[in-house]
Amino acid sequence: MPIMMETYVPGAHYVLPHNRDEFERLNLLHKYSTNVVCDGRLVFDKNINFEASCCVLDSGAGTGAWAVDLAKKLPDSVEIYAVDISDAKFMPSPPPNVKFSLASVTSLPAEWSSKFDFVAQRYLVAALLAKEWSEAAAEIYRVVKPGGAVQLIEIDMRFPTPETPVSVRIRDVKWKGFNALGLDYGITGRLPDLLEDAGFVDVVDEVRRMPLGKSWGEIGMQGTNVVGGAFRNLYGSIAKAGAAETHEEYEGLIDKLVTEWDAHGSNYPCHVCARKPA
């Protein structure tokens with residue numbers, strides 16, 4: 001793969017790096033999340049069916065792995081749009097019906113009003129400013145067709161289980177950093193209200209658990225790589241925000257946390273917030 005060049009949408013904020021390690025972590029996160037959050041499906045709600053004329057949006061697509069996998073399961077006539085604030089991590093050579101483009105969910109193209117039958121968005125807690133979440137919900141509402149469906153998935157990093165001194169210390173460091181950067185560390189708990197305030201009805205909120213550590217077997221080790229990897233990759237941003245001390249001390253804390261995960265098992269709650277079509 002060629003060296004990744006970064007292209008940003010003006011005004012976008014993202015606290016994780018745009019590099020090969022993060023590209024690989026996001027692809028693994030996609031597989032892990034599909035298995036543990038959505039029971040092996042790309043869409044959590046088993047009642048959602050895509051017709052041949054459907055149009056789908058993957059918002060905050062990252063590498064676009066979700067969009068590409070969906071394209072493999074649906075007819076070529078289904079149009080799938082994948083947007084992100086940077087093209088640095090887009091997968092090369094996507095299927096012909098997957099269209100990658102640069103855009104923020106807070107400002108989607110004006111011509112997309114009532115365009116999509118389904119909108120999926122995952123793990124933007126480290127991407128959207130606190131004040132941007134209501135804008136994002138309003139934009140999603142604008143681009144969904146009447147009767148269409150949405151699926152928002154976010155990890156809640158406030159409530160590690162079990163809650164240990166190490167996990168609490170790391171949580172508080174990240175929380176302080178997110179607040180300093182203008183991010184909303186507790187956005188997961190407000191997803192249903194955001195959708196309802198935007199105009200959605202029939203909103204549901206399902207809580208799933210993301211297993212971490214060797215005691216959960218292979219899936220737990222995947223969880224360590226994707227969640228622990230994200231924690232490690234956050235250092236540069238939260239350090240700039242004045243929330244972390246030296247890199248060595250921070251890495252030492254993460255190492256202790258991973259040791260706890262391996263020895264005792266751990267998990268974080270993950271919310272699937274969706275609007276079911278009438």
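These values consider heavy atoms only, across backbone and side chains, with no hydrogens, waters or symmetry-generated copies. What you see is a predicted model; the values in this text were computed from it and never measured.
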| message | Go through it in stages, so that I can follow the logic: the residues are His271 and Arg208, the test is side-chain hydrogen bond (donor to acceptor under 3.5 Å, both in side chains), and I'd like the CA-CA distance, side-chain angles, deciding distance and then a yes or no. | response | CA-CA 6 Å; His271 287 243; Arg208 307 305 300 269; over 6 Å; no

Hey, is the main chain of [Y] close enough, under 3.5 Å, to the side chain of [X] for a donor-acceptor pair?
X: Glu139; Y: Val105; result: no
X: Ser77; Y: Ala52; result: yes
X: Asn19; Y: Glu22; result: yes
X: Trp66; Y: Leu42; result: yes
X: Glu132; Y: Leu129; result: yes
X: Arg190; Y: Asp193; result: no
X: Ser215; Y: Ala263; result: no
X: Arg275; Y: Glu196; result: no

Salt bridge check: are [X] and [Y] linked by an N-O gap of less than 4.0 Å?
X: Arg232; Y: Glu251; value: yes
X: Asp69; Y: Lys72; value: yes
X: Lys99; Y: Glu79; value: yes
X: Glu260; Y: Lys256; value: no
X: Lys131; Y: Asp184; value: no

| request: Please test Arg41 against Lys46 for side chain to side chain contact (heavy atoms under 4.5 Å, CB included), starting from the C-alpha separation and ending with a verdict. | output: CA-CA 8 Å; Arg41 301 184 302 275; Lys46 292 183 287 187; 3.3 Å; yes

| said: Could you check whether Ser59 and Tyr81, counting side-chain N and O atoms only, form a donor-acceptor pair closer than 3.5 Å? | reply: no

| query | Can a donor-acceptor pair be found between the side chains of Thr164 and Ser167 at a distance below 3.5 Å? | reply |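 Their side chains do contain a donor-acceptor pair, which is all the 3.5 Å distance test asks for.
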
| task | Please name all residues satisfying ring pair (Phe, Tyr, Trp, His ring centres under 6.0 Å) with His264, sequence neighbours left out, ordered by chain then number. | result |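 Residues passing ring pair (Phe, Tyr, Trp, His ring centres under 6.0 Å) with His264: none at all.
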
Do [X] and [Y] land in one hydrophobic cluster if side-chain heavy atoms of ILVMFWY residues count as linked below 4.5 Å?
X: Ile219; Y: Trp261; answer: yes
X: Leu16; Y: Leu181; answer: yes
X: Phe200; Y: Ile153; answer: yes
X: Met221; Y: Leu29; answer: no

Where [X] and [Y] come nearest, the two heavy atoms and their spacing:
X: Asn27; Y: Ala65; result: OD1-CB, 3.6 Å
X: Pro75; Y: Asn97; result: O-ND2, 3.7 Å
X: Ile170; Y: Phe231; result: CG2-CD2, 4.4 Å
X: Ser113; Y: Ala110; result: OG-O, 3.4 Å

Check the surroundings of atom [atom1] in [X]: do more than 12 heavy atoms from other residues, nucleotides or ligands lie under 6.0 Å from it?
X: Trp216; atom1: CH2; answer: no
X: Tyr141; atom1: OH; answer: no
X: Glu249; atom1: CD; answer: yes
X: Arg169; atom1: CZ; answer: no

| task | Please test Phe159 against Tyr268 for ring-ring contact (aromatic ring centres under 6.0 Å, His included), starting from the C-alpha separation and ending with a verdict. | result | CA-CA 6 Å; Phe159 304 114; Tyr268 283 92; 9.6 Å; no

| said: Could you walk me through whether Cys273 and Val204 satisfy the side chain to side chain contact (heavy atoms under 4.5 Å, CB included) test, starting with their C-alpha distance in whole Å, then the side-chain angles of each, then the deciding distance to 0.1 Å, before giving a yes or no? | reply: CA-CA 6 Å; Cys273 188; Val204 297; over 6 Å; no

| Single hit among Glu154, Arg209, Met210 for side-chain contact (heavy atoms from CB on, under 4.5 Å) with Pro269 | Arg209

| query | Could you go step by step and tell me if Val37 and Tyr32 meet the side chain to side chain contact (heavy atoms under 4.5 Å, CB included) rule? | reply | CA-CA 8 Å; Val37 178; Tyr32 172 76; over 6 Å; no

| query | Could you go step by step and tell me if Val56 and Val78 meet the side chain to side chain contact (heavy atoms under 4.5 Å, CB included) rule? | reply | CA-CA 8 Å; Val56 178; Val78 175; 4.2 Å; yes

| Axial cation check for Phe116 ring with Lys145, 6.0 Å and 45° limits |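 Because its charged atom misses either the 6.0 Å distance or the 45° angle limit, Lys145 does not stack over Phe116.
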
| note | Interatomic distance, CZ@Arg171 vs CG@Leu257, rounded to 0.5 Å, equals 12.0 Å

| request: Could you list the residues that satisfy salt bridge (charged side-chain N to carboxylate O under 4.0 Å, His left out) with Asp21, not counting sequence neighbours? | output: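 With neighbours one apart ignored, the set is empty.
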
